[in-house]
Chemist: 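The structure follows.
For clarity, every value in this text was computed on a predicted model and none was experimentally measured. Proteins come first, then strands; the chains are lettered A, B, ... in the order of their sequence lines, and each starts at number 1. Side chains are part of it too, since the values below use all heavy atoms of this structure and drop only hydrogens, waters and symmetry mates.
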2 protein chains.
Amino acid sequence: MTGRTGRTDRRRSAKPTIADVAALAGVSVSAVSKVMNGRDGISAPTRQRVLEAAAKLRWSPSATAVALRGARTRAVGMVAARSPDVLATDPHFTLLISGIERELAPADYGLLLHIVGEEPGAEERAYRRLAEERRVDGVILTESRIGDARFELLRHLRLPAVLVGTPWQDDPIPAVQAGGQDAGVRAAVDHLLGFGHRRIAYVSGPQDRVHTVFRRQVFETALAERGLRPGRTLSSDFTAQGAVAAMGELLAADAAERPTAVLFANDTMAVAGMNAARRLGFDVPRDLSVVGYDNLPLGELVYPRLTTIAQDLVQLGRAAAAAMFGLLNIPHAQAPPTIHPPHLVPRESTGPVLTGPALTGAG
Amino acid sequence: MTGRTGRTDRRRSAKPTIADVAALAGVSVSAVSKVMNGRDGISAPTRQRVLEAAAKLRWSPSATAVALRGARTRAVGMVAARSPDVLATDPHFTLLISGIERELAPADYGLLLHIVGEEPGAEERAYRRLAEERRVDGVILTESRIGDARFELLRHLRLPAVLVGTPWQDDPIPAVQAGGQDAGVRAAVDHLLGFGHRRIAYVSGPQDRVHTVFRRQVFETALAERGLRPGRTLSSDFTAQGAVAAMGELLAADAAERPTAVLFANDTMAVAGMNAARRLGFDVPRDLSVVGYDNLPLGELVYPRLTTIAQDLVQLGRAAAAAMFGLLNIPHAQAPPTIHPPHLVPRESTGPVLTGPALTGAG
DNA sequence: CTGAAAGCGCTAACAT
DNA sequence: ATGTTAGCGCTTTCAG
């Protein structure tokens, strides 16, 4: 009773193991391992026999065994701290994830996703578990935050991490983003100025996001460079409700003060804001021009079609995954994806400012 | 040189193992194991010491080691065969995933997600890898298909599976769905009939989906029961483009034939269709009523707000995860979530039919 | 060129 | 009540 054969017999028809393959090929398990991992020191005929045996048994190495052995789990993690509702309106994550997967899949890596409500501590717990249970080789972070506590946490947990976006204060965490980040907002401002707008408002995302601050700065700089002072700036929360509230506030001003164009920090807010304006009696783009950010398919769907700033989230996801492989020293065939800088997609929600006795609005 | 201590020394400051905890607590590894797994046969003081040691070392069991040992990976898989673009417009998956995660997280289970384009074979390969590499304990399927090949595949792979939706031909795969599936479409039909509509069209999803056939049947039955014959039925593909095309076709008919109301199989199509109609010169809801399906947040965002049939995808996800735990014999504290039947959410995109000389449209 | 054997961290018999 | 130990399936020295 060697145990080995006993076991094999007992489990007939169950998952084959490397031992089964070795037995069928008439070689040792280490020979099989070498063949499957492309190590050399195996003769062509032997390699051939092993390959055939593996194919016949439909065997492939157990991911868990490999992970236990080599400390490589072949999975990367991602933690999304968002409510289902926001997640559903904003495909930001979804697009990123598609890109990540595109890059992971060919390398036989998986994506372990954790969606953890926004309650404090939940996010940190998720990262801790990922690290302490050694479930993933690294994590991909998004939504760079001001004073981001995650970097320190992950460093402490010794969990490799890649950030999608602009890191806070040149934190040494590897980050991927397109060059020319300011191009989008600048183009939008020029676009609006070209239409004659002079009172342009900005509705930003949550205050704790790095891109909120960054884009607002670009916005203000771009206007200042043209000798104009920025219009009102409100900060919102990425939700439709937030956008409606912001719009209400902006349009409550009297005609002389009221913005004739509004830049929103994402498409969801832009669309919601656009319709809020319409409900208040303002036509888009006749009375008010609206610009979004992200270029989600949603913008094509609505009426009028949304002018927006495109950023290629799928490519960003790919780049993040590629960067992760770099960090882990994993050779990955794919060429490093190029990420285009954000650029303006002019559609129907922007137009010339009306000089006549137009704005009759409010309601 | 026992090796054990040698190792521990060598790796100071690295991840602690169960042996480190045992050493610190002055007990055997099996004692630690028993404490951590709630097995009995451990005295209170010992248990206490172990817990303290584990806490001090911030130790928690390695997921891979546990998986290798017990054939339990503490992860469930999900394969989404969709293009990023569709994924981005349709948060169907995202909502489901939120629900699944809600249920998985407390049990310390993870979700391994695979997004694989729609090219043939990609999906099957993904399931095969999940199974053969023993990466997950089971998989959750969505979008029940006619003649679904996945059931047979998964059975063959011996991979436990739960379907979200209506299984094809009472396939014995465990499935979760709300009772009263027909309630939504019926309510929508009644709602439209109440507004005086008599020519109601239906734009369904892809032909290979079970719910496509099911809902169409309900639609036709509901009308037949009122002594009416169904209007035109087109099948589309869940995309905005598809909806625009369908709308164009429906509105091309002359006024006597033209539908006065259209039911769409999802909200994305409904919104796209609504705006297509508007571009063709038809006002919604004055000239045409539109109803969607899913009750995505999107429907609140657009103008006019979309009347739609709500189904609680988050709850469905939770139920699916719970069912998976049942299948795996894993005790899970949460009470089984209840799923409400689909129901109508009347908003602004539906209204009374115009009898006057209204339809001037087309363009 | 090939094989034997030592673990990776953990759990569950099986001792004690 | 607690400890010892044999694997889970794999990779990797180290010997032949």
Side-chain angles (χ1 to χ4, degrees), chain A residues 1-8 10-11 14-23 25-50 54 57 59-74 108 132-135 137, chain B residues 1-8 10-11 14-23 25-50 53-54 57 59-74 132-135 137:
Chain A
M1 243 275 264
T2 61
R4 176 53 73 190
T5 43
R7 197 198 124 275
T8 303
R10 191 161 17 93
R11 304 204 321 150
K15 267 230 87 200
T17 75
I18 193 173
D20 300 323
V21 177
V27 297
S28 72
V29 292
S30 64
V32 177
S33 173
K34 283 179 185 126
V35 169
M36 298 312 287
N37 293 288
R39 303 271 171 284
D40 48 31
I42 299 287
S43 68
T46 304
R47 144 173 270 98
Q48 190 55 31
R49 293 220 313 288
V50 168
L57 261 35
W59 173 82
S60 58
S62 143
T64 36
V66 173
L68 181 56
R69 186 63 201 19
R72 187 136 282 178
T73 63
R74 287 184 161 280
D108 200 14
E132 283 163 7
E133 301 180 354
R134 281 257 184 281
R135 271 175 169 292
D137 294 342
Chain B
M1 241 272 266
T2 62
R4 178 50 75 190
T5 44
R7 198 198 124 275
T8 303
R10 191 162 18 95
R11 305 204 319 149
K15 267 230 87 199
T17 75
I18 193 174
D20 300 323
V21 176
V27 298
S28 73
V29 293
S30 68
V32 176
S33 174
K34 285 187 183 113
V35 170
M36 298 311 288
N37 292 288
R39 302 272 172 286
D40 48 32
I42 299 289
S43 68
T46 305
R47 144 172 270 100
Q48 190 55 30
R49 293 219 314 284
V50 168
L57 262 34
W59 173 83
S60 58
S62 144
T64 37
V66 174
L68 181 57
R69 186 61 196 35
R72 186 136 282 181
T73 63
R74 288 184 158 280
E132 283 164 7
E133 300 180 355
R134 282 258 185 279
R135 270 175 169 288
D137 294 342

Chemist: Please report, rounded to the nearest Å, how far the P atom of dC10(C) is from the CD atom of Glu132(A).
Modeler: 12 Å

Chemist: I'd like to check Met36(A) versus Val21(A) (side-chain heavy atoms, cut-off strictly below 4.5 Å). Are they in contact?
Modeler: no

Chemist: Given atom CD of Gln48(B) and atom P of dT2(D), what is their separation to the nearest angstrom?
Modeler: 13 Å

Chemist: Rounded to whole Å, please give me the gap between CG in Asn37(B) and C1' in dA12(C).
Modeler: 10 Å

Chemist: Look at the side-chain N and O atoms of Ser43(A) and state whether any lies under 4.0 Å from the OP1 or OP2 oxygen of dT2(C).
Modeler: yes

Chemist: Whether Arg39(B) contacts dA12(C) is assessed here as follows: a side-chain N or O lying under 4.0 Å from the phosphate OP1 or OP2. Is that the case?
Modeler: yes

Chemist: Per the atom types in the model, does the base of dA4(C) pair as donor or acceptor with the side chain of Ser30(A) at under 3.5 Å?
Modeler: yes

Chemist: For the residue pair Val29(B) and Ser33(B), establish whether any side-chain heavy-atom pair is separated by less than 4.5 Å.
Modeler: no

Chemist: Can you tell me the distance, in whole Å, between the CZ atom of Arg74(A) and the C1' atom of dG9(D)?
Modeler: 15 Å

Chemist: Which part of the nucleic acid does Thr46(A) contact within heavy-atom distance under 4.0 Å: base, sugar-phosphate only, or nothing?
Modeler: sugar-phosphate

Chemist: Measuring to OP1 and OP2 of dT12(D), would you say a side-chain N or O of Arg69(A) lies under 4.0 angstrom away?
Modeler: no

Chemist: Can you tell me which nucleotide in dG3(C), dC10(C), dC8(C) comes closest to the side chain of Ala31(A)?
Modeler: dG3(C)

Chemist: More than 12 foreign heavy atoms under 6.0 Å from CG of Asp40(B): is that the case here?
Modeler: no

Chemist: Whole Å only: how far is the CE atom of Met36(B) from the P atom of dG9(C)?
Modeler: 16 Å

Chemist: Whole angstroms only, please: what is the CG-P distance between Leu68(B) and dG9(C)?
Modeler: 12 Å

Chemist: Contact between Arg72(B) and Asp137(B) at the side-chain level, heavy atoms closer than 4.5 Å - yes or no?
Modeler: yes

Chemist: Nearest-nucleotide wise, let me know which of Val32(A) and Gly41(B) is further upstream toward the 5' end of DNA chain D.
Modeler: Gly41(B)

Chemist: Return no unless some side-chain N or O of Ser28(A) is found under 4.0 Å from OP1 or OP2 of dG3(C).
Modeler: yes

Chemist: Select base, sugar-phosphate, or nothing to describe what Ser33(A) touches, counting heavy atoms under 4.0 Å on all strands.
Modeler: base

Chemist: Starting the side chain at C-beta, find the nucleotide from dT11(D), dC10(C), dG3(C) nearest to Ala65(B).
Modeler: dC10(C)

Chemist: Counting side-chain heavy atoms from CB outward, which of dT11(D), dT5(D), dC8(C) is closest to Val29(B)?
Modeler: dT5(D)

Chemist: With the side chain counted from C-beta on, respond yes when Arg74(A) and Arg135(B) share a heavy-atom pair under 4.5 Å apart, and no when they do not.
Modeler: yes

Chemist: Starting from C1' on dG9(C), measure out to CH2 on Trp59(B) and report it in whole angstrom.
Modeler: 9 Å

Chemist: Please give, in whole Å, the distance from dA6(C) P to Ile18(A) CD1?
Modeler: 17 Å

Chemist: Between the base of dG3(C) and the side chain of Lys34(A), is there a donor-acceptor distance below 3.5 Å?
Modeler: yes

